[in-house]
Amino acid sequence: MSMINIVSMLIIAATIIKHAECIMLELKSGQTKCITEDIKDNALTVAKYAIVNPVDGSPLPDTHTLDVRVFSPNGNNYHKGDRVESGNFAFTAAEMGEYTACFWSPDHSPPATFTIDFDWRTGVAAKHWSKIAKKGQIDTMELELTRLQDMVQSIHDEMFYLREREEEMQLLNRATTSKMANLSFLSILVCASVAALQLWHLKNFFERKKLL
């Protein structure tokens, strides 16, 4: 295996691990914050969100509520929550591209600021391995092997996905280069035509003045 392939696999593995991280968002009343996630088609994605209680053991203030929407790249709605304090969603992506989760809070006077704990997982990171182990009654070694197998498969699929994106970018670059070449040729043609027209005009002017 070449060094480039090894580096590529490490980068992809780091990306998969990154998709399992939690995000802490600060949101003010009347404001909106959105998070996007690039998801492949047929990929599993799960997420949960909750407003962090500023005072443990006491109920959340009335000002601490959220409206939540999750959209696909084509604008299809995958999740909706109105005036909620917490929630979750899970789906298998039917479209490839950037999925967007938006949070906004109603206006309050005086304005309130709170923190949202948002955990969004896709692909291998979206599987609940502890539940799988408990359900299947498999040992730790077999669980690790199963997890590694899924991660290798995910890396394999991700490499093919990146290769397809690279081919799309190459086609786009070729089309852009072709358009730029045509535009350059057209610009040269226009400049040459203008120069010829100026020479013809000057020649006629000098002939009328009998300078030629």
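For this chain, numbers begin at 1 and follow the sequence in order. Please read these numbers as outputs of a predicted model, since none were measured by experiment.
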Tell me whether W120 is reachable from V84 by hopping between hydrophobic residues (I, L, V, M, F, W, Y) whose side-chain heavy atoms are closer than 4.5 Å.
yes
Those residues at least two apart in sequence (or on a different chain) that pass ring pair (Phe, Tyr, Trp, His ring centres under 6.0 Å) with F160 are H156
Rounded to the nearest 0.5 angstrom, the OG1-CE distance for T176 and M169 is 8.5 Å
*asked:* Can you classify the ring geometry of H64 versus F114 as parallel (below 30°), tilted (30 to 60°) or perpendicular (above 60°)?
replied: tilted
Using a 4.5 Å side-chain heavy-atom cut-off and chaining through intermediate ILVMFWY residues, the residues clustered with V194 come out as L186, V190
Across all chains, not counting sequence neighbours, the side-chain contact (heavy atoms from CB on, under 4.5 Å) partners of S58 are N53, V55
*Please confirm whether the backbone N or O of R174 pairs with a side-chain atom of S178, one donor and one acceptor, at under 3.5 Å?*
no
What one should report as the nearest heavy-atom pair of T100 and C34 is CG2-CB, 3.9 Å
Here the gap from L25 atom CG to I51 atom CD1, rounded to the nearest 0.5 Å, amounts to 11.5 Å
Applying side-chain hydrogen bond (donor to acceptor under 3.5 Å, both in side chains) to D82 and not counting sequence neighbours gives R69
For D41, the salt bridge (charged side-chain N to carboxylate O under 4.0 Å, His left out) test, sequence neighbours excluded, returns none
To the nearest 0.5 Å, atom CD1 of I116 lies from atom OG of S105 at 8.0 Å
Apart from W200 itself, members of its ILVMFWY cluster (side-chain separation under 4.5 Å) are L197
SG (C102) and CG (L66) are apart, to the nearest 0.5 Å, by 12.0 Å
By side-chain contact (heavy atoms from CB on, under 4.5 Å), T115 pairs with (sequence neighbours left out) M24, E26, V52
Sorted by chain and number, sequence neighbours left out, side-chain contact (heavy atoms from CB on, under 4.5 Å) with E95 holds for S72, P73, N74, N76, Y78, Y99
Residues passing the ring pair (Phe, Tyr, Trp, His ring centres under 6.0 Å) test with H79, sequence neighbours excluded, are Y49, F89
All heavy atoms of S29 vs all of P106, minimum pair found to be CB-O, 3.4 Å
The reported gap from OG1 in T113 to CG in L27 (rounded to nearest 0.5 angstrom) is 8.0 Å
* T92 side chain to N42 backbone, donor-acceptor under 3.5 Å -> no
Applying side-chain contact (heavy atoms from CB on, under 4.5 Å) to E166 and not counting sequence neighbours gives Q170
Notebook entry, point to check: Would you call K28 and D107 a side-chain contact if the rule is heavy atoms closer than 4.5 Å?
Noted result: no
Tightest non-hydrogen contact, residues K40 and M96, listed as CA-CG, 4.1 Å
Determine, stepwise, if the pair R121 / D119 fulfils side-chain contact (heavy atoms from CB on, under 4.5 Å). CA-CA 7 Å; R121 301 168 183 261; D119 185 7; 3.0 Å; yes
On a heavy-atom basis, the closest approach of T63 and A112 is OG1-CB, 3.7 Å
The side-chain hydrogen bond (donor to acceptor under 3.5 Å, both in side chains) partners of R83 (sequence neighbours excluded) come to D67
Hydrophobic cluster membership, L44 vs F71, 4.5 Å side-chain cutoff = no
- Item | Contact check, side chains of F91 and V46, non-hydrogen atoms, under 4.5 Å | no
Besides L183, the hydrophobic cluster formed by Ile, Leu, Val, Met, Phe, Trp and Tyr side chains linked at under 4.5 Å, directly or via other members, contains none
In this structure, OG1 of T45 is separated from CD1 of I39 (nearest 0.5 Å) by 4.0 Å
